[in-house]
Amino acid sequence: MARCVNAMEGLTLSDLTGKDGLVFEVGEYLQPEEEDFSYSSTVPLSNEEVLNLLNMNDFQDNDDDDEADNSASLFGISFDELKTKMTDICGNGKIMKFEKQKGVGEIIPFDAQVTIKYLGHFEYNDEPFDSSFTRGGAETYRLNQGSLLPGLEIAISTMKKHEIAIFIVHPDLAYGRLGCLPRIPPNAEILFIVHLIDFVDNGSVETLDNLSIEEKRIFANVVTRARAKFNTAKDCFHKKKFKQAIREYAKAINWLERAELKNDEEEGEFNKWISRGYSNLAVCYNMENMPRRACIACNRVPIPSAKTHFNHGRALFKMGEYNRAMEQLQLALTMEPNNEVTIKEIRLVNENQRKYTDIEKQLWSKCLKTQQKEKKQTTFEEAARKMCETFSKDSQLLRQPLPESLTPEEDKCIREQAAAFGLLITTHQRYGREITFLNKSSY
């Protein structure tokens, strides 16, 4: 008979390997499993590298014996001893700071969006109770929004970009006198090691949200909001969060388009910012394989740049509009003659246009051959299958125009072959005539 064991009281190897098996006894509830904060080779810093960051000679007495271990553990030193080498940043001893690596530029705004790596330790504990490294390394937070401990937010707001610093935070600015048992002990001071990777100053957005409706439409105020929102969108794009970047750019554009312009100077500034917004929006739409929206965004740019024409051309190329795509790419190349990316895109459009033109010729040749009906249908079916197969494997295209004036039998054949490859057939009125397209389901 299987033996019954209370998991909370522990078990042995013999319990697990017993012949009759094992049954776990479950009480009213299970305690949440403690996180394992071990380090792996996939995180930005190894366990040894993190310890080297903490085992600093800066905290060793100058008269130490020469034979002493220069990597003596920071955790063997009390927080009180560490504080003698640290700076009081609040004036009341509740947040102490030691700068391990100097940052660059200005101190970050109090309500910036920050990207940090950090570790959190209790006194004399060798393992961190919290670590961004166990969750993939760097993490992004918005200051002044309550997403971090008050003491940690204040500490970070004293830092500069690329700075690494060590802080000791008083319980009053951490988990308080009660803590959060069983994980956080009462009255626990916390040592944080923080690396400020980057920040985005977008605090002005919330500040300006408190303005009246009339004040929000003043162009100077709108530009301030839009600039901050563009910074947030750019940060999202670099992190490959393209959908979020689209939302941020769209908000900024909406604010700009609702602004009241008073003179030619403001109109010129407006055109500059709105062009930048729609051009960047087109880039994001192309990254998300949304070429129609990318085209709409490019068409709304009042002052097109080489970047605008390039992304318009790329979107048209994805839609199978080869001639129009080439026109836009040639405009981009005229504005930036030596741009290798544009030259490469032009070659790609040319290659695809030739490829599908050849396939279309083969398709028409099967239609026009004077053969028996059954043989004609077979050869046309082979050509249609080749077109659908080639298109389905083409990672560059989302849409491809089909030959015009197909017979009902030929149209049915192409639809059957398209369905076999998971493709769709759609019809649009374009340029005063009806055009049929082969589409991927993601279009």
Side-chain angles (χ1 to χ4, degrees), residues 32 34-35 37 79 88-97 103 106-122 128-161 163-211 216 224-225 227-236 238-239 241 243-245 247-248 251-252 255:
E34 291 291 321
E35 293 184 50
F37 287 104
F79 280 6
D88 184 353
I89 65 175
C90 291
N92 56 10
K94 292 194 174 182
I95 301 180
M96 306 297 292
K97 176 179 180 179
E106 301 294 327
I107 294 175
I108 66 173
F110 76 100
D111 49 3
Q113 176 178 292
V114 298
T115 300
I116 60 173
K117 299 176 186 176
Y118 74 94
L119 295 149
H121 282 268
F122 299 127
F129 78 94
D130 190 14
S131 169
S132 67
F133 296 98
T134 62
R135 298 185 292 273
E139 295 181 343
T140 299
Y141 298 94
R142 179 72 181 277
L143 300 184
N144 202 34
Q145 298 292 307
S147 56
L148 295 170
L149 291 174
L152 182 55
E153 286 207 356
I154 295 171
I156 293 172
S157 67
T158 69
M159 302 179 71
K160 300 178 181 179
K161 187 175 180 179
E163 180 180 333
I164 298 176
I166 296 179
F167 302 94
I168 295 179
V169 179
H170 190 274
D172 290 350
L173 297 174
Y175 294 98
R177 62 184 183 85
L178 298 179
C180 188
L181 295 173
R183 189 174 183 80
I184 313 297
N187 285 315
E189 282 191 310
I190 300 175
L191 182 145
F192 285 106
I193 304 94
V194 182
H195 182 189
L196 178 59
I197 306 297
D198 200 0
F199 73 91
V200 176
D201 180 8
N202 59 0
S204 57
V205 173
E206 270 65 29
T207 303
L208 291 168
D209 279 342
N210 297 323
L211 299 176
K216 287 179 180 178
T224 302
R225 296 180 87 201
R227 182 186 293 112
K229 203 50 113 173
F230 279 0
N231 287 338
T232 304
K234 181 180 178 181
D235 183 65
C236 294
H238 288 318
K239 294 175 181 175
K241 298 179 180 179
K243 290 182 179 178
Q244 187 175 342
R247 290 192 292 269
E248 300 298 335
K251 286 179 184 177
W255 293 338

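Numbering of residues begins at 1 and proceeds along the displayed sequence.
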task: Find out whether P186 and L181 are in side-chain contact, i.e. whether some heavy atom of one side chain is under 4.5 Å from a heavy atom of the other.
output: yes

statement: Smallest heavy-atom separation, A174 atom then L149 atom, equals O-CD2, 3.8 Å

query: If only atom types and distance count, is the side chain of D198 paired as donor or acceptor with the main-chain N or O of T115 below 3.5 Å?
result: no

- prompt: With under 30° as parallel and over 60° as perpendicular, where do the rings of F129 and F122 fit, or are they tilted in between?
  reply: parallel

- prompt: Quick check: does any side chain N or O of K229 sit under 3.5 Å from a backbone N or O of W255, one acting as donor and the other as acceptor?
  reply: no

query: Closest approach of G151 and V169, non-hydrogen atoms and distance?
result: CA-CG1, 3.8 Å

query: For the residue pair T158 and E163, what are the closest heavy atoms and their distance?
result: O-OE1, 4.2 Å

message: If you compare all heavy atoms of K94 against all heavy atoms of D88, which two are closest, and at what distance to 0.1 Å?
response: N-OD1, 4.4 Å

field: Non-neighbouring partners of F199 that pass ring pair (Phe, Tyr, Trp, His ring centres under 6.0 Å), sequence neighbours left out
entry: none

message: If you count heavy atoms of other groups shown closer than 6.0 angstrom to NZ of K234, is the number above 12?
response: no

Intermediate values then yes/no, side-chain contact (heavy atoms from CB on, under 4.5 Å), D130 and I190: CA-CA 10 Å; D130 190 14; I190 300 175; over 6 Å; no

task: Answer yes or no: is there a side-chain heavy-atom contact under 4.5 Å between K161 and I108?
output: no

task: Test Y118 against E139 for side-chain contact (heavy atoms from CB on, under 4.5 Å), laying out the working first.
output: CA-CA 9 Å; Y118 74 94; E139 295 181 343; 3.8 Å; yes

field: Verdict with supporting geometry, I156 and V194, side-chain contact (heavy atoms from CB on, under 4.5 Å)
entry: CA-CA 8 Å; I156 293 172; V194 182; 4.3 Å; yes

- prompt: With side chains defined as the heavy atoms from C-beta onward, is the minimum distance between H121 and I193 less than 4.5 Å?
  reply: yes

task: Step by step, work out the side-chain contact (heavy atoms from CB on, under 4.5 Å) result for Q113 and T140.
output: CA-CA 7 Å; Q113 176 178 292; T140 299; 3.5 Å; yes

message: Looking at Y141, is its backbone amide N or carbonyl O close enough to the side chain of S147 to form a donor-acceptor pair, meaning the two atoms are under 3.5 Å apart?
response: no

statement: Taking every heavy atom of C236 against every heavy atom of E248, the minimum-distance pair comes out as SG-CG, 4.5 Å

